[in-house]
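Lettering follows sequence order; numbering is per chain, from 1.
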Amino acid sequence: MLCESLSPSPVSYACILKACGSLGDLNKGEQIHAQNNQSLFQKGKMLANALLDMYIKNGALDEAQEVFDNLLNRDVASWTLIIGCYAQERQGEEAVTLFERMQCEGICPNSLSFVAVLRAYGNTKASECILAVHSQVHGEPLYKKDIMISNALINAYMKCSLVSKALELFNDLAIKDSVSWNVLISGYAQVGHSEEALSFYELMETAGFSPDPFTYACICKACANLCAVYQCQQIFTNIVNDGLFQRDIVTSNSLLDMLSKCSMLKEAHEVFDRLPSRDIISWNSLIAGYAQHEHFAEALTCFEQMQDDNFAPDAFTFASVVRACGDLGASSKGQEIHVDMVKYGSLETDMVLGTALVHMYATFGMLGEAQDVFDKLPFQDSTSFNALLTGYAQSGKIEFVIELFSKFIEYNIKLDSATFSNVLNMYIHTGLLEDAQLYFKTMVEVFITLLTIDHFNCLADLFGRAGDVEKAALVIKEMPFHSNFAAWITFLGACQNCRHAKLGRWAFENASELTEKDAAAHVLMSNIYAAISTYHMTGAGL
DNA sequence: TAAGGTACAG
C-alpha cells in the first residue's frame with residue numbers, strides 16, 4: 001500500500017496495530033507510533049485504544065501506561081484495557097484501584113470491565129468483592145455474551161478456593177460453553193481436587209464438548225498431582241490422536257510436565273525429542289523432572305544442552321540446577337551457576353532462588369558463601385533464615401547456631417520443624433546435653449505448636465547417648481505423642497550401651513507390639529543379654 | 001475499524 005503511495009487512513013493504522021499485537025511485533029508497532037503525529041493517537045478513541053492494546057499484547061506495560069496517561073478522552077474501552085492489563089500481569093491491586101478510579105471519573109463499567117476486574121479479584125483473593133459482583137449481576141437478563149461474566153465468576157471463585165460457590169454457579173448456568181467447563185476443571189486442579197478435575201473432564205466429553213489445549217493443560221496438571229500413570233497414558237494417547245502434540249506447544253509442555261512429575265522420565269525425554277519446536281518451558285519441564293526425581297546428573301546434562309541450543313536459563317532453570325548441584329555435591333559447578341544467576345539478574349527478583357542458593361552452599365558446608373548470599377537477599381524471610389540455620393547446624397557450628405537462634409526469637413521468625421530437628425541432631429552429635437536441654441526448653445516455650453514426635457525422640461536419644469537411660473525413658477513416657485517404633489529402637493540401642501536389661505526389656509516389648517519380628521529389636525535385645533552374661537562369667541558380677 | 005473469560009516450568 002505504501003509502495004503505491006497510498007496514505008494509510010486511521011482504519012489502516014488500527015488494522016496494522018492489531019496485527020502487531022497478535023504477531024508480537026513491538027518494533028513495528030512502536031515505529032507506527034513514532035512516525036505519526038501524536039494527536040492522531042490522543043483524540044480519536046478507536047486508534048488510541050488500538051495502540052494501547054498493541055502495547056499491552058506485547059507486554060510493554062510502561063508504554064501502555066504512558067499512552068493511557070496521555071489520552072485526552074478515555075472511554076470505557078480504554079479503562080477496561082488498562083485494568084485488564086494489570087489484572088493479567090498479576091498486579092491485582094493496581095487493577096482494582098483503576099476500576100474504582102474509572103467510576104469516580106463517571107465512566108460506567110460494562111460487562112467486559114467486570115470480566116477484567118473479576119480476574120484481579122481472583123488473583124488478590126478478594127472474595128467479598130467477587131460475591132458483590134455476583135449479587136449485582138444476579139437476576140439481570142442473561143445475554144449470550146454474559147456467559148463470559150459467569151465464566152469469570154467461576155474462575156474467580158476457584159482462585160479463592162470457594163469451590164462450592166463455583167460449582168453452584170456452574171450448575172445454574174442456562175448455557176455452558178467449553179470455557180465454562182475449562183474454568184471449572186482448571187479450578188479443581190489448582191485447588192488440588194484432582195479427582196474431581198478428572199471426573200468433570202469425563203462429564204465434559206459426555207456433554208459433547210471436545211477437550212482443547214486449555215482442557216489438556218488442566219487435566220495434565222490433575223494427573224500430575226495424582227501421579228496417575230494409567231490416566232497419563234490415556235491422555236498422552238488422546239493428545240497425540242488429536243494432533244495437538246504437533247500443533248500446540250502449551251499442550252506438549254503440559255504433557256511433558258505431567259510425564260516428568262509422574263516419574264515417566266524416559267517417556268518425557270522421548271516426547272521432548274519428538275517436539276516440533278521447543279521453548280524455555282519445554283527445557284525447564286524436562287530439567288525439573290530429572291531434578292525432582294533425583295536424576296541430578298541428567299538434569300545438569302540437559303542444562304548444558306539447553307545452553308548449547310542457545311536458550312538462556314531463567315529463574316525456573318536455576319531453581320532445578322541449584323538443587324541438583326547441592327545434592328550432587330558439585331560445588332564448583334554450583335559456584336559457576338551462582339555467577340550466571342548474578343549475570344542474568346535472577347537473584348535480585350526472586351526470593352526462592354536466593355534461598356535455594358543459601359541451601360546449596362549450606363549443603364557444601366560453605367557457610368561463608370551461604371551467609372554472604374543470605375546477607376545480600378532483597379529481604380530475609382523465614383525460609384531463608386531456616387536454610388541458613390540448618391547449614392550451621394549441619395556443620396556443627398554451635399556458636400553460629402546460638403547467635404542465629406537468638407535472632408529467631410528476637411524477630412519472631414517462624415522456625416521450621418525440620419530446622420529444629422537439624423539443630424537437635426547437631427546437639428546429639430556434639431553431646432552438649434545441657435545446652436540441648438536449654439534449647440529444647442526454649443522451643444517448648446516459644447514454638448510449642450511445631451513440636452513433633454521426632455523432636456521428643458531426639459531429646460530421648462540425647463539422654464540415652466549421655467548414658468542417662470532413666471531420663472530418656474521419662475521423655476518417652478511423658479511426651480504428648482504415642483511413642484513410635486523409632487523411639488523404642490533408639491532407646492533400646494541406648495540400653496544396649498548401658499547394659500540396662502530391665503529398661504531394655506521394656507523397650508523391646510513395646511517395640512514388638514508395634515512391629516512383630518523386627519530383626520533389629522531382637523539383635524539389640526540379645527546383645528544386652530549376651531553382654532550381661534559375659535559380665536557374669538568374667539566374675540565382675542551385677 | 002478499538003476492549004473480553006480458560007492453559008504449561010522451580
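- Out of B:dT6, B:dT1, B:dA7, the shortest distance to the side chain of A:P213 is found at B:dA7.
- Between B:dG10, B:dT6, B:dA3, one nucleotide has an atom nearer to the side chain of A:Q292 than all others, and that is B:dG10.
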Can you give me every donor-acceptor pair (side chain of residues 301-313 of chain A, partner residue at least two apart or in another chain, under 3.5 Å) with its distance?
unit_1 : atom_1 : unit_2 : atom_2 : d
A:T301 : OG1    : A:A297 : O      : 2.8
A:E304 : OE2    : A:K333 : NZ     : 2.6

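- Taking every side-chain heavy atom of A:L112 into account, B:dA3 is the closest of B:dA3, B:dT1, B:dG10.
- Near-neighbour residues of DNA chain B inside residues 239-265 of chain A, defined by a heavy atom below 4.0 Å, number-ordered: A:V250, A:N253, A:S254, A:D257, A:K261.
- A ring-centre distance under 6.0 Å is found for A:W181 and A:F170.
- Using a 4.0 Å heavy-atom cutoff across all strands shown, A:D314 reaches at least one base atom of the nucleic acid.
- Not one side-chain nitrogen or oxygen of A:N49 sits closer than 4.0 Å to the OP1 or OP2 atom of B:dA3.
- Contact annotation: A:K18 side-chain N/O to B:dT1 OP1/OP2 distance is not under 4.0 Å.
- When the nucleotides B:dA9, B:dA2, B:dG10 are ranked by their closest atom to the side chain of A:K221, B:dA9 comes out on top.
- Here B:dT1 is the nucleotide among B:dT1, B:dG10, B:dA3 with the atom lying nearest to any side-chain atom of A:C15.
- Residues that satisfy the side-chain hydrogen bond (donor to acceptor under 3.5 Å, both in side chains) test with A:T419, not counting sequence neighbours, are A:N386.
- Stacking between A:F316 and B:dG10 is absent: the aromatic ring centre is not both under 5.5 angstrom from the base six-membered ring centre and within 30 degrees in plane angle.
- Note on A:K159: every side-chain N or O is 4.0 Å or more away from OP1 and OP2 of B:dT6.
- Residue-level contact check: A:V115 touches the backbone only, with heavy atoms under 4.0 Å from sugar-phosphate atoms and none from bases.
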Could you list the donor-acceptor pairs under 3.5 angstrom formed between side-chain atoms of residues 4-11 of chain A and any protein atom two or more places apart in sequence or on another chain?
unit_1 : atom_1 : unit_2 : atom_2 : d
A:S9   : OG     : A:V11  : N      : 3.2
A:S9   : OG     : A:S12  : N      : 3.3
A:S9   : OG     : A:S12  : OG     : 3.1

N/O donor to acceptor pairs below 3.5 angstrom from side-chain atoms of residues 53-68 of chain A, sequence neighbours left out:
unit_1 : atom_1 : unit_2 : atom_2 : d
A:D53  : OD1    : A:K57  : NZ     : 3.0
A:D53  : OD2    : A:K57  : NZ     : 2.9
A:Y55  : OH     : A:H33  : ND1    : 2.8
A:N58  : ND2    : A:M54  : O      : 3.0
A:Q65  : OE1    : A:Y86  : OH     : 2.4
A:Q65  : NE2    : A:D69  : OD1    : 3.0

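- Here A:S186 does not reach the OP1 or OP2 of B:dT6: none of its side-chain N or O atoms lies under 4.0 Å away.
- Taking every heavy atom of residues 281-290 of chain A and every atom of DNA chain B, pairs under 4.0 Å involve A:I281, A:N284, A:S285, A:A288, by number.
- When ring centroids are compared, A:W79 and A:F99 stay outside the 6.0 Å threshold.
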